[in-house]
Student: 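Right, I'll just put the structure down here and ask away after.
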2 protein chains.
Amino acid sequence: MRIGELAARAGTTTRTLRYYESRGLLPARRSGNGYRTYDESDLKLLRQIRTLQDFGFDLEETRPFVECLRAGHPEGDTCPASLAVYRRKLDELDALIGELQAVRAKIGLRLALAEGEPPLCELGGQEL
Amino acid sequence: MRIGELAARAGTTTRTLRYYESRGLLPARRSGNGYRTYDESDLKLLRQIRTLQDFGFDLEETRPFVECLRAGHPEGDTCPASLAVYRRKLDELDALIGELQAVRAKIGLRLALAEGEPPLCELGGQEL
DNA sequence: GGTTGCCCTGACGTCGGCGTCAAGGATTAC
DNA sequence: GTAATCCTTGACGCCGACGTCAGGGCAACC
C-alpha cells in the first residue's frame with residue numbers, strides 16, 4: 001500500500017509518516033516510480049508508535065518497541081529495552097503526578113483563601 | 001533599581017524581564033540614559049508572575065493576577081478574573097492528573113503482562 | 001488530452017519562554 | 001584613560017512533532 005492509505009488506516013497523516021521515516025523510525029521501500037510502499041507489518045509498527053505517542057511517549061522512546069517488533073517479536077514490549085522504557089516512564093509519571101497533585105493542593109488552598117474566607121483581609125470592608 | 005538587580009532579587013534573568021515587558025506584562029519606566037527602572041512594587045508583580053509560572057501557569061494566565069495587584073489589591077488573587085483562572089486551572093489539573101493516572105495504569109498493566117506473567121500468551125511457550 | 005488525485009522533495013512556519021550572540025552606549029572603578 | 005561592568009536593541013536558536021505551502025511528477029479515467 002502507499003503512504004496515503006497507510007496514513008488513513010492508522011488515523012494519521014502522510015506528513016507524519018514522512019517525518020517518522022526521516023527519523024529512521026519507519027523506513028519505506030520504494031516502488032518503481034519512487035512512491036513509498038508499505039505492508040501490513042508497517043501498519044503494525046505504526047500502530048505501536050501511535051499507541052505509545054498517545055501515552056505521552058516521545059518518538060525516541062518508541063524506538064525500542066519498534067525494533068522489538070521488527071526483530072520478530074509478536075509484541076513490541078517484550079524486549080528488555082522496551083521494559084526499561086516502561087519502567088522509566090512509570091517513574092516519570094509518578095513523579096509528575098505527585099508534583100501536579102502538590103500544585104493542585106496549593107492552588108486549591110489559595111483559591112479557598114482568596115474566595116470567601118480570607119480570615120483577616122475580607123474584614124477590611126471590601127465591596128466585592 | 002535597574003534590570004539586573006531586579007532580576008537577581010527575583011531569581012531570574014534580565015532576558016526574562018525584557019521578555020515580560022515585550023508581552024506587556026511588566027512595563028518599565030526609563031531613566032535619563034534609557035535604562036529600565038523598577039521599584040519594589042515591580043518586584044512584587046514579578047514574584048507573583050514567577051510563583052504562578054512555577055505552578056505551571058503560562059504567561060497569559062498570570063496577567064489577571066498582575067493587573068489585580070496593579071489595581072491596588074494587596075494580593076493578586078482576590079480579583080474575580082484571578083479566581084476564574086484558579087478554578088479553570090484546578091479543572092485542567094484534575095483532568096490532566098486523571099489522564100496521567102489512566103495512562104499510568106495502562107502502562108503498569110502492560111509492564112506486568114510483558115514482564116513475567118502474560119496470563120495466556122506466555123503459555124505459548126516463549127523462551128523469554 | 002485534459003482533469004483529477006495521488007505522490008515526490010525541500011523548506012519554512014508553529015508554539016512558549018526564554019538563551020545566546022552581536023554591536024554598540026553608559027557608568028563606575030582604578 | 002582605560003578596563004570592567006552594566007545597560008540598550010535586534011535578531012537568530014532551541015525543542016518536538018509535525019502543518020503547510022511551493023513546485024513538480026506520475027497515474028488513471030473519460
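Chain letters run A, B, ... following the sequence lines, proteins first, then strands; residues in each count from 1. As a basis for the values below, the full set of heavy atoms in this structure was taken, side chains included, without hydrogen atoms, waters or symmetry mates. Computed from a prediction, not measured in an experiment: that's the story for all the values here.
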Student: Measure CZ/R2(A) against P/dC7(C) and give the value in whole Å, please.
Tutor: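 One finds 5 Å between P of dC7(C) and CZ of R2(A), rounded.
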Student: Taking all non-hydrogen atoms of both residues into account, name the closest pair between S82(A) and G76(A) and its distance.
Tutor: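 Looking at all heavy atoms of both residues, the closest pair is OG-O, 2.8 Å.
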Student: If you compare all heavy atoms of A10(A) against all heavy atoms of R50(A), which two are closest, and at what distance to 0.1 Å?
Tutor: O-CD, 4.4 Å
Student: With nearest nucleotide decided by heavy atoms, which residue, T14(B) or F57(A), maps closer to the 5′ end of DNA chain D?
Tutor: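 Looking at the nearest nucleotide for each, T14(B) comes out on the 5' side.
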Student: Can you sort out the partners of E61(B) under side chain to side chain contact (heavy atoms under 4.5 Å, CB included), two or more places apart, ordered by chain and number?
Tutor: F57(B), D58(B), V85(B), R88(B), K89(B), E92(B)
Student: Counting side-chain heavy atoms from CB outward, which of dC18(C), dC7(C), dT8(D) is closest to R15(B)?
Tutor: dC18(C)
Student: Rounding to a whole Å, what distance do you find between R63(B):CZ and dG16(C):C1'?
Tutor: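 Result: 14 Å.
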Student: Five pairs at each end of the helix from dG1(C)-dC30(D) to dC30(C)-dG1(D): take the axis at both ends and give me the angle between them to 10°.
Tutor: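 Computed from the C1' atoms at both ends, the axes differ by 30°.
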Student: Which of the following nucleotides, dC8(C), dC7(D), dG16(C), is nearest to the side chain of Y19(B)?
Tutor: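 The answer is dG16(C), which lies nearest to the side chain.
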Student: State yes or no: do L52(A) and L83(A) share one hydrophobic cluster built from I, L, V, M, F, W and Y residues joined by side-chain heavy-atom distances below 4.5 Å, directly or via other members?
Tutor: yes
Student: Please determine whether a side-chain nitrogen or oxygen atom of T16(B) lies at a distance below 4.0 Å from atom OP1 or OP2 of dG19(C).
Tutor: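 Yes, within the criterion.
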Student: Nearest 0.5 Å please: distance from the CD atom of E75(A) over to the CD atom of Q48(A).
Tutor: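 Going from the CD atom of E75(A) to the CD atom of Q48(A) covers 8.0 Å.
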Student: Between F65(B) and Y86(B), does the ring centroid distance fall short of 6.0 Å?
Tutor: yes
Student: List in numerical order all residues of residues 91-102 of chain B for which some heavy atom is under 4.0 Å away from an atom belonging to DNA chain D.
Tutor: none
Student: Starting from P on dA17(D), measure out to OH on Y20(A) and report it in whole angstrom.
Tutor: 8 Å
Student: For residues 21-51 of chain A, which residues have at least one heavy atom under 4.0 Å from DNA chain C?
Tutor: R30(A), G34(A), Y35(A), R36(A)
Student: Could you check I3(A) against Q53(B) and say which one's nearest nucleotide on DNA chain C is further toward the 5' end?
Tutor: I3(A)
Student: Decide yes or no, distance alone: a donor-acceptor N/O pair under 3.5 angstrom between the base of dT9(C) and the side-chain of R18(A).
Tutor: no
Student: Specify the separation, in whole Å, of atom CG of L6(A) and atom C1' of dC6(C).
Tutor: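 Distance, rounded to whole Å: 15 Å.
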Student: Measure the distance from CG on L17(A) to P on dC8(C) and round it to the nearest whole Å.
Tutor: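 L17(A) atom CG is separated from dC8(C) atom P by 10 Å.
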Student: Output the distance between atom CG (L93(B)) and atom CD (Q101(A)), rounded to the nearest 0.5 Å.
Tutor: 10.0 Å
Student: Measuring from atom CZ of R15(B) to atom OG of S22(B), what distance do you get when rounded to the nearest 0.5 angstrom?
Tutor: 7.0 Å
Student: Using residues 102-112 of chain A as the side-chain source, report each donor-acceptor pair under 3.5 Å to any protein atom, sequence neighbours left out, with the distance given to one decimal.
Tutor:
from: R104(A); atom 1: NH1; to: D94(B); atom 2: OD1; distance (Å): 2.7
from: R104(A); atom 1: NH1; to: D94(B); atom 2: OD2; distance (Å): 2.7

Student: What's in the same ILVMFWY side-chain cluster as M1(B), cut-off under 4.5 Å, chained through other members?
Tutor: I3(B), L6(B), L17(B), Y19(B), Y20(B), L25(B), L26(B), Y38(B), L43(B), L45(B), L46(B), I49(B), L59(B), V66(B), L69(B)
Student: Give the cluster check for F55(B) versus I97(A): same hydrophobic cluster or not, with ILVMFWY residues linked at side-chain heavy-atom distances below 4.5 Å.
Tutor: yes
